[in-house]
Amino acid sequence: MTGVVVALAVILWVCLRHTGVAIALSFLLAGFVWRLVGAAFLDYTGPVYSYEAEMQVGGNTFAADSFGLLMALSVLVTVVVMRPATWQAEAARLAPLSSPGRSFSLGDLAFGVGLFFVLALYIDLLRIGVIPLLQCIERYEYLQDYAGLFHKVLFKYGSLIALQLGTFAVYPRLVGGRYDGRFILLVAALFVYLSLTGNRFSAFYTFTLFFLTPYCFVWLIRGNSQLANGGGRVRRTWLIWLFLAVGGVAIVGFSLLNSYANIRYENSTCAEVRPTRAVQRDLMFNEMLNRFLTPEVQHRFSQRILVQPIQMYFFAYDRVNDRGDWVPEETARFIFDSKRNNDGNRSIRFLMNRTLPAERAAYLESVGNQFAGGYPEVLLELLGKWGVWPGVIAFAAITGWLLRLWMIAVLRGHFLTAFFAAYVYYAFVVMYVGGMLNFLIAWTFWGKVVLLALFAWLECRGYRLLPWRFDLSVNLAKRH
């Protein structure tokens, strides 16, 4: 368990010493901590029976130690490459923008697009006439059989959308204004929509942390005397923030209860409603809470929290490190199969095929069920017990550089660079979440990289391709 303690100590050090970095990396750090806790649990209590994998897992101290040391190395390399002093100096040079008499901002345009998207989601939901929360439908089933275009876009790019909404909510503070509360309202509306469409904790957790990522800039401008005293309205309306936080927790809590104690509960009303697609009319909170507290549901919930996020690394470590079952050629052929690159995350499917009996792996794939985890175990399978270390360093360095590029671009108002840097960074975030590597052979990914390089080159040379404010008064004067 020593490696786990080292990793948690490194993350705590980053949070205390480089708080701005910790906020920027909040999604990755939260995921690391979650899996580290799971690794410590399996090391201390294991082996335990995994009902998802239908086999014993855990009890291997060296697996927990190696995972912890890999996470510590990943965090340290990412922070070093991000070079916090660089963008702290950039934030210190920010100054308020002059405000023209009549202007239209990029934030106004972004809010208009966001409002259209949210309204389209709700209109599409009503048009389809199927509400998963009320009709006992799992979110993946709704996505496959019922969802419209806008829902599919939200499902695929929800994290990236949340990051952009957070950026536009915060950016006015970086130019001398106040936070833009309109984007917070959009997020609140999306939270309600996510609940109606059957989402549980993971969707809210991901969306929230990506939305809060741009608040790293707020931490950075504390030392800027020209901007530090702005945003007073937020401090005077802390009750609104508290109300939103409590409301978010309530939505997430209810979604969890409904999932574990209603939709997935064998003797609930959903067992009768699901075949007919009728609307269930007895969503009783007390009844669901009592079901949730039963030993069976508690066991499944504890497995979801402590076992499932980390079990795939323990299985991979046992194969590659302990038994010497390393097949890099087979791994590469399966993951980087260009003919099946549209199948989604090939990495986790390979890990499931390597871990489970063939019949069970095939059944899970047929119903679209994928296990959690994937990183760094896919690198362990691909590069071996020694190659995984430079592999982790390489991916951490690229991730840190992309995040640093995004932060510098936002601080300088280079919005096209920031957008495509976030887009490319998101591909690597998906790798950290599920081990996905086959994005590296997709031409669309490299197209985004080319656009990122192009816009970064143009905007760094002074071309203001997308300014924050458009002066309408000048345009009106030209007409007259």
Asker: Is the gap between the ring centers of Y171 and F415 under 6.0 Å?
Answerer: yes
Asker: Is the ring pair F350/F334 parallel, tilted or perpendicular, if the boundaries are 30 and 60 degrees?
Answerer: tilted
Asker: If the condition is side chain to side chain contact (heavy atoms under 4.5 Å, CB included), which residues does V449 pass it with, not counting sequence neighbours?
Answerer: V424, F445, W446
Asker: Taking only distance into account, with no hydrogens and no angle test, what donor-acceptor pairs under 3.5 Å do side-chain atoms of residues 5-19 form with protein atoms, sequence neighbours excluded?
Answerer:
from, atom 1, to, atom 2, distance (Å)
T19, OG1, C15, O, 2.9

Asker: Which word best sums up how the rings of W406 and F217 line up, parallel for under 30°, tilted for 30 to 60°, or perpendicular for over 60°?
Answerer: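 The arrangement is tilted - the two ring planes meet at 30° to 60°.
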Asker: Hey, what's the ring geometry for F32 with Y375, parallel, tilted or perpendicular (30° and 60° as the breaks)?
Answerer: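 Ring orientation, 0 to 90° scale: parallel.
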Asker: How are the rings of Y193 and H151 set relative to one another: parallel (under 30°), tilted (30 to 60°) or perpendicular (over 60°)?
Answerer: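 Rings of Y193 and H151: tilted, as their planes differ by 30° to 60°.
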Asker: Any salt bridge (Lys or Arg N to Asp or Glu O under 4.0 Å) pairs touching residues 20-32, not counting sequence neighbours?
Answerer: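 For residues 20-32, and leaving out neighbouring residues, there are no salt bridge (Lys or Arg N to Asp or Glu O under 4.0 Å) pairs at all.
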Asker: Is the F204-F211 ring centre distance short of 6.0 angstrom?
Answerer: no
Asker: Please verify the inter-ring angle class for Y142 with Y146; under 30° counts as parallel, over 60° as perpendicular, anything in between as tilted.
Answerer: parallel
Asker: Carefully, step by step, assess E459 and T417 under the rule side-chain hydrogen bond (donor to acceptor under 3.5 Å, both in side chains).
Answerer: CA-CA 7 Å; E459 291 186 316; T417 301; 2.5 Å; yes
Asker: Please tell me if the side chains of R304 and P309 come closer than 4.5 Å, counting only heavy atoms from C-beta onward.
Answerer: yes
